[in-house]
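Okay, so here's the structure we're looking at.
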2 protein chains.
Amino acid sequence: MAQEQNLTKNQSLVFEKLSAADGPMSAYDLLDELREQGLKAPLQIYRALEKLQEVDLVHRLESMNSFVACAQPHCHAKTGLVAFAICEKCGTVSEFSDDVVQSRLADWATERNFTPTKTSLEIRGLCQGCG
Amino acid sequence: MAQEQNLTKNQSLVFEKLSAADGPMSAYDLLDELREQGLKAPLQIYRALEKLQEVDLVHRLESMNSFVACAQPHCHAKTGLVAFAICEKCGTVSEFSDDVVQSRLADWATERNFTPTKTSLEIRGLCQGCG
DNA sequence: ATGCCATACGTTATATCATAACACAATCCA
DNA sequence: TGGATTGTGTTATGATATAACGTATGGCAT
Ligand SMILES: [Zn+2]
Ligand SMILES: [Zn+2]
Ligand SMILES: [Zn+2]
Ligand SMILES: [Zn+2]
């Protein structure tokens, strides 16, 4: 919980809005909802998101240009790899990790002298309720 | 090779340009290079790319909004899951697949009644030469 | 052959996502 | 106390992607 304490005003606004949301939001979604709190420009959102991603409170969903609050804060030191299942009908996002997948990918990288910095793993499909 | 035969003119132009490239290209990169062949609008590129992705001749790299020709055409019926390692310095993209990762993700989905339609797995980092 | 359907094409306009560049303020700490 | 770092506010611009419209083509059933 330490990290939340250190957030600046804009970072807190963005993080709280994203945490309260029931699904992913785009940067412009966030901007629209934070105008009444005084935010006016996309950069204010993007800069906050950038910082929030650095401290693993927020993840970017590459396949849909949007962002979610982390579902398991403070566990990323252990997990390293984070995966998402994204329902294309209802928008629900499930965050999970898998040690076997992670070590398998680590092996692939090691064998080829590839130095990973960030991995994104996103499964699009239909969730239980929508399938 | 059957698939290449069936391509329309625009689809062939895009596919050949992408195959000849030594790395990923954005839709607008492609448009710039295909103007002399008569292409004029982004939609012409995007529509060709859409079709090429459907037949697995081209992959979209979600984490960088760009596209690559498939490195192992006609194997995707077997592999299903395709992964990419992307060098952030030199831009080299390595396409690979891994049965263990694939089955592990399939298990995750099965257990949760999640029906996958498309999975993207992209490892950013530094390749052997750039590390 | 005619009518119908599915697919591709061409074009203009617009929507959506993201960053450059600059000036200023707050904070940390040598 | 002064330099470095980080965050902020603002304007402008760049980059990526799709909507909406009309047309053309080819397959194929009547
Ligand atoms: Zn997380
Ligand atoms: Zn759903
Ligand atoms: Zn491929
Ligand atoms: Zn490299």
Side-chain angles (χ1 to χ4, degrees), chain A residues 2-18 21 23-55 57-68 86 88 91 118 120 122 124, chain B residues 2-18 21 23-55 57-68 86 88 91 118 120 122 124:
Chain A
Q3 282 160 337
E4 279 104 311
Q5 311 298 325
N6 298 330
L7 299 180
T8 67
K9 174 166 151 287
N10 287 0
Q11 290 159 14
S12 295
L13 287 170
V14 169
F15 178 64
E16 280 158 25
K17 183 61 73 179
L18 214 41
M25 297 180 74
S26 75
Y28 282 77
D29 290 340
L30 286 162
L31 178 56
D32 286 343
E33 299 221 350
L34 289 171
R35 284 191 195 282
E36 56 194 31
Q37 274 78 27
L39 298 197
K40 292 173 184 169
L43 256 192
Q44 295 175 294
I45 307 292
Y46 282 107
R47 292 201 275 226
L49 287 170
E50 182 178 25
K51 179 65 176 183
L52 291 166
Q53 289 177 261
E54 282 172 17
V55 297
L57 286 173
V58 162
H59 301 296
R60 175 187 174 82
L61 300 177
E62 303 286 355
S63 67
M64 54 191 304
N65 297 325
S66 62
F67 304 85
V68 286
I86 303 166
E88 294 182 305
K118 190 189 177 201
S120 79
E122 300 176 18
R124 312 292 299 256
Chain B
Q3 282 160 337
E4 279 105 309
Q5 311 297 326
N6 297 330
L7 298 180
T8 67
K9 176 165 151 288
N10 287 359
Q11 290 160 14
S12 294
L13 286 171
V14 169
F15 179 63
E16 280 159 25
K17 183 61 73 177
L18 213 42
M25 297 180 75
S26 74
Y28 282 79
D29 289 341
L30 286 162
L31 178 56
D32 286 343
E33 300 221 349
L34 289 172
R35 284 191 195 281
E36 58 192 31
Q37 274 77 26
L39 298 197
K40 292 172 182 168
L43 255 194
Q44 296 176 293
I45 306 293
Y46 281 107
R47 291 200 276 225
L49 287 170
E50 184 178 23
K51 178 67 176 183
L52 291 166
Q53 289 177 261
E54 282 172 18
V55 298
L57 286 173
V58 162
H59 301 296
R60 175 189 174 82
L61 300 177
E62 303 286 357
S63 67
M64 55 192 304
N65 297 325
S66 62
F67 303 85
V68 286
I86 303 166
E88 294 183 305
K118 191 189 176 201
S120 80
E122 300 176 17
R124 312 293 299 255

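Reminder, nothing fancy here: chain letters follow the sequence lines and each chain counts from 1.
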Ranking A:P42 and B:R60 by the position along DNA chain D of their nearest nucleotide, the one closer to 5' is A:P42

What is the distance from [atom1] of [X] to [atom2] of [N], rounded to the nearest Å?
| X | N | atom1 | atom2 | answer |
| --- | --- | --- | --- | --- |
| B:Y46 | D:dA17 | OH | P | 4 Å |
| A:L39 | D:dG9 | CG | C1' | 11 Å |
| A:E50 | D:dT6 | CD | C1' | 12 Å |
| B:L49 | D:dT18 | CG | P | 11 Å |
| B:I45 | D:dA15 | CD1 | C1' | 15 Å |
| A:K9 | D:dT8 | NZ | C1' | 9 Å |

Can you find a side chain N or O atom of [X] that sits less than 4.0 Å from OP1 or OP2 on [N]?
| X | N | answer |
| --- | --- | --- |
| A:T8 | D:dG7 | no |
| A:Q44 | D:dT8 | no |
| B:Y28 | D:dT16 | no |
| B:N65 | D:dA17 | yes |
| A:K51 | D:dG7 | yes |

A:A27 near the nucleic acid: base, sugar-phosphate alone, or nothing, with a heavy-atom cut-off under 4.0 Å?
nothing

Could you tell me whether A:K118 and B:E88 have a side-chain N and a carboxylate O separated by less than 4.0 Å?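 Salt bridge absent between A:K118 and B:E88.
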
Can you name the closest pair of heavy atoms from A:L7 and A:S12 and give their distance?
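The pair with the smallest heavy-atom distance is CB-OG, 3.4 Å.
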
Residue pair A:E122 / A:R60: nearest heavy atoms and the distance that separates them: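 Heavy-atom minimum between the residues: OE2-O, 3.9 Å.
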
A:K9 and A:Q37: CA distance, side-chain angles, deciding distance, side-chain contact (heavy atoms from CB on, under 4.5 Å) verdict = CA-CA 10 Å; A:K9 174 166 151 287; A:Q37 274 78 27; over 6 Å; no

Start with the C-alpha gap between A:S63 and A:I86, add the side-chain angles, then the distance that decides, and say whether side-chain contact (heavy atoms from CB on, under 4.5 Å) holds. CA-CA 10 Å; A:S63 67; A:I86 303 166; 3.8 Å; yes

How many angstroms lie between CZ in B:F67 and CZ in B:F15, if you round to the nearest 0.5 Å?
->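 Interatomic distance, B:F67 CZ to B:F15 CZ, rounded to 0.5 Å: 14.5 Å.
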
Taken to the nearest 0.5 Å, the spacing of A:L39 CG from A:D32 CG works out to 11.5 Å

(request) Check the pair A:N10 / A:R47 against side-chain contact (heavy atoms from CB on, under 4.5 Å), numbers first and verdict last. (result) CA-CA 9 Å; A:N10 287 0; A:R47 292 201 275 226; over 6 Å; no

Letter by letter from the 5' end, nucleotides 20-26 of chain D scores (B base, S sugar-phosphate only, - none; protein heavy atoms under 4.0 Å) B------

Please report the C-alpha distance between A:V68 and A:L18 in whole Å, then the side-chain angles of each, then the deciding distance to 0.1 Å, and finally whether the side-chain contact (heavy atoms from CB on, under 4.5 Å) criterion is met. CA-CA 6 Å; A:V68 286; A:L18 214 41; 5.6 Å; no

| Under a criterion of less than 4.0 angstrom to any heavy atom of chain B, what are the 5'-terminal and 3'-terminal contacting nucleotides of DNA chain C? |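 So the contact region on DNA chain C extends C:dA8 to C:dT12.
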
